[in-house]
S.K.: 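The structure is given below, and queries will be raised subsequently.
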Amino acid sequence: MSIVTFEKPVPKVAKSDWYYKITELKESCDEYRRYTFELENESQKLRNNTDVTTYWSTHHTNSKIFDRRIEITRWKYLIELCYKNLQKEIKDLKIEKEKTEKFIEFLNLNFTVTNHCLSIRDERGATDLCHDIASIELKNEQTTLEKLKNLLAGVCQNAWEMINKLEELEINVAKDLQKKNNTINIDSKLLEMTKDSNNISLKPDSLRVPKDFNTYEKWLQQCNDIKQKIENEILSSKKLRETMFVPQIKTINDLLAQNDKVNYGLRRRIYDTERIKNELEWQKWNMLTDKDKFLKEIEKLENALYEKLNPKMLVETRCEERLYRSGIELCLDKTTIGLHKEHFQLNNTTKMLNDKLNQTKALHNILIEQINVLDEQLKNKTHALNVDQKCLQYRVQLDNRNCT
């Protein structure tokens, strides 16, 4: 019985075409897989690069914020010192102004006494009512008191104006310090922020530049101007205070100033002598340290020279023994050239070590001479220091003198 089979009425693919399509599909899959692998690597590389760039950008920004905060803090500290000096100067100027006002009140008493004396002297009659030396001196005293009162009144007026100017400057400096504190707080909060903070968000126009934006140079100039203005005003106020009390105690101040100058000169001389003495002692200590090092170095160089003796004897012995070869064997072979080269190197090394040893010994002798010079100088400086200190101690009795 025959089996009847029916095939689909479609064209058949040849076996070679079947292998070709399978191969084409395989190559296509490999191509896509390779492209996928490259794209994945490029994507990973891009992600890593962007992460590193973002990290270092944030790090550099934090460093700049930190440096900026340090700079503002430094300026804040300088201006705060000036601010404290300014407050102290205002207080001292007010105290000096009160003293001057009390002295003006004291002058009013002198005016009363002088006018009363003149009134009493006007009770004289006949020829006694004349312009004698007493009247002249009273008139001169009255004139002197009037000039002194006008002078002190003008000084008080200037002090009042200076106090107003300093207080106004104090208010402006306090505002500037408040702004700097606010800026420092803002920068501190910025440094505390990270990419994982909860209080961060996208802003509509974070890169906008306000109209009142100042340049860094302008800010730095303003800080310098504030500091310089405070120093100038304090200097002017100090000069004004000097004009308020110098006329009253000029003679005493001259004596005290001269004594202070002499004492300052002695103290400065003692300070310079001690500084030079300390410098010489430091130099001597370094010289002694270097001398000890040089002694060790000399010993090491001598040992090094001694250690080169045996190798040199070995080379020369080898060279000498090879001279006993006979016949054709007595030739300038590589061994002989090597021995000659080794001998030359040993001689050169020995010469360099010997030269360096001589230099070291010469410098060691120079160090010893220099140490002797330093000892002599230290002896002289110690004697001069003792003399100046005795002079300063002898002048202590001038500090407790009573001046009238």
Side-chain angles (χ1 to χ4, degrees), residues 1-77 179-223 311 332-342 344-346 348-349 352:
M1 182 178 180
S2 299
I3 298 174
V4 180
T5 59
F6 297 95
E7 296 180 355
K8 292 181 180 180
V10 293
K12 303 294 183 177
V13 179
K15 188 175 181 179
S16 59
D17 293 337
W18 179 79
Y19 277 113
Y20 174 76
K21 289 185 177 293
I22 294 299
T23 303
E24 184 179 13
L25 180 61
K26 180 182 177 182
E27 292 178 353
S28 176
C29 290
D30 291 339
E31 181 69 22
Y32 283 118
R33 287 177 61 249
R34 183 172 61 255
Y35 177 73
T36 303
F37 178 76
E38 293 177 357
L39 184 60
E40 182 182 1
N41 287 337
E42 291 177 358
S43 176
Q44 184 178 2
K45 181 179 178 181
L46 180 61
R47 286 188 291 104
N48 292 335
N49 290 336
T50 54
D51 290 342
V52 171
T53 303
T54 303
Y55 171 80
W56 282 111
S57 297
T58 304
H59 176 74
H60 292 324
T61 302
N62 290 337
S63 299
K64 291 178 182 178
I65 295 174
F66 183 77
D67 294 340
R68 178 60 176 167
R69 187 179 65 174
I70 290 177
E71 184 180 19
I72 296 176
T73 304
R74 181 174 61 85
W75 273 108
K76 172 178 168 276
Y77 175 73
K179 294 177 182 178
K180 283 182 170 53
N181 286 325
N182 184 35
T183 303
I184 292 173
N185 292 332
I186 292 174
D187 289 341
S188 299
K189 291 180 181 179
L190 293 180
L191 288 175
E192 293 175 358
M193 291 182 181
T194 62
K195 64 179 181 179
D196 299 323
S197 299
N198 295 327
N199 56 343
I200 60 176
S201 63
L202 297 176
K203 306 301 179 183
D205 188 12
S206 60
L207 301 181
R208 65 186 182 277
V209 178
K211 294 181 179 179
D212 55 349
F213 233 46
N214 295 319
T215 60
Y216 172 78
E217 290 76 13
K218 185 177 181 180
W219 172 85
L220 187 61
Q221 184 64 35
Q222 184 178 1
C223 292
L332 188 65
D333 54 2
K334 293 182 179 180
T335 304
T336 304
I337 295 173
L339 287 172
H340 291 176
K341 183 178 181 181
E342 183 182 358
F344 174 79
Q345 289 178 349
L346 282 172
N348 190 25
T349 302
M352 289 190 296

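The structure displayed is predicted, hence computed values, not measured ones.
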S.K.: Rounded to the nearest 0.5 Å, what separates atom CG in D30 from atom CZ in R33?
M.R.: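 These two atoms lie 6.0 Å from each other.
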
S.K.: Could you tell me the separation between the CG atom of N181 and the CD1 atom of I186, rounded to the nearest 0.5 Å?
M.R.: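 Separation between the atoms: 11.0 Å.
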
S.K.: The criterion is side-chain contact (heavy atoms from CB on, under 4.5 Å); which residues satisfy it with P210, sequence neighbours excluded?
M.R.: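 Partners of P210 by the side-chain contact (heavy atoms from CB on, under 4.5 Å) criterion, ordered by chain and then number, come out as D212, F213.
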
S.K.: How long is the straight-line distance from SG of C29 back to CD of E24, given to the nearest 0.5 Å?
M.R.: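 The distance works out to 10.5 Å.
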
S.K.: Do any pairs count as a salt bridge (charged side-chain N to carboxylate O under 4.0 Å, His left out) and have a residue in residues 183-203, sequence neighbours left out, and if so which ones?
M.R.: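 Sorted pair list comes back empty.
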
S.K.: For residues 214-223, which side-chain N or O atoms pair as donor and acceptor with protein atoms under 3.5 Å away, sequence neighbours left out?
M.R.:
{"residue": "N214", "atom": "OD1", "partner": "K218", "partner atom": "NZ", "Å": "3.4"}
{"residue": "T215", "atom": "OG1", "partner": "K218", "partner atom": "N", "Å": "3.2"}
{"residue": "Y216", "atom": "OH", "partner": "E71", "partner atom": "OE2", "Å": "2.4"}
{"residue": "Q221", "atom": "NE2", "partner": "D225", "partner atom": "OD1", "Å": "2.9"}

S.K.: With H59, which residues qualify under side-chain contact (heavy atoms from CB on, under 4.5 Å), at least two apart?
M.R.: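 Result, side-chain contact (heavy atoms from CB on, under 4.5 Å) vs H59: W56, S63.
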
S.K.: If only atom types and distance count, is the side chain of T61 paired as donor or acceptor with the main-chain N or O of S57 below 3.5 Å?
M.R.: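 Side chain of T61 to backbone of S57: a pair is present.
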
S.K.: Taking only residues two or more places apart in sequence, or in another chain, which ones meet S188 in a side-chain hydrogen bond (donor to acceptor under 3.5 Å, both in side chains)?
M.R.: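 Counting only residues at least two positions away or on another chain, S188 forms a side-chain hydrogen bond (donor to acceptor under 3.5 Å, both in side chains) with R69.
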
S.K.: Within a strict 4.5 Å, meaning less than it, do heavy atoms of the Y77 and T73 side chains meet?
M.R.: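 Not touching, per the 4.5 Å side-chain cut-off.
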
S.K.: Give a yes or no answer on whether the side chain of T36 reaches the backbone of Y32 with a donor-acceptor pair at less than 3.5 Å.
M.R.: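 Yes, the answer is positive, given that a donor and an acceptor are paired below the 3.5 Å cut-off.
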
S.K.: Before you tell me yes or no, could you show the steps for N348 and Q345 under side chain to side chain contact (heavy atoms under 4.5 Å, CB included), namely the whole-Å CA-CA distance, both residues' side-chain angles and the distance that decides it to 0.1 Å?
M.R.: CA-CA 5 Å; N348 190 25; Q345 289 178 349; 5.6 Å; no

S.K.: Just to verify, what does T194 make a side-chain hydrogen bond (donor to acceptor under 3.5 Å, both in side chains) with, not counting sequence neighbours?
M.R.: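 Partners of T194 by the side-chain hydrogen bond (donor to acceptor under 3.5 Å, both in side chains) criterion, ordered by chain and then number, come out as S197.
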
S.K.: Taking the side chain as everything from C-beta on, heavy atoms only, tell me whether I72 gets closer than 4.5 Å to R68.
M.R.: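 Contact flag for I72/R68 side chains = yes.
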
S.K.: If I take atom CG from residue L25 and atom OH from residue Y20, how far apart are they, to the nearest 0.5 angstrom?
M.R.: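 L25 CG to Y20 OH: 12.0 Å, rounded to 0.5 Å.
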
S.K.: Do K64 and D67 sit within salt-bridge range, that is, some charged N less than 4.0 Å from a carboxylate O?
M.R.: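 Here K64 does not pair with D67 in a salt bridge, since their nearest N and O are not under 4.0 Å apart.
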
S.K.: Which residue pairs satisfy the side-chain hydrogen bond (donor to acceptor under 3.5 Å, both in side chains) criterion with at least one member in residues 46-55, sequence neighbours excluded?
M.R.: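 Sorted result for residues 46-55: empty, none.
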
S.K.: With sequence neighbours excluded, what pairs up with I337 under the side-chain contact (heavy atoms from CB on, under 4.5 Å) test?
M.R.: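 I337 satisfies side-chain contact (heavy atoms from CB on, under 4.5 Å) with L332 only.
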
S.K.: Check ring-ring contact (aromatic ring centres under 6.0 Å, His included) between Y19 and all other residues, then give those that pass, not counting sequence neighbours.
M.R.: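 Result, ring-ring contact (aromatic ring centres under 6.0 Å, His included) vs Y19: none returned.
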
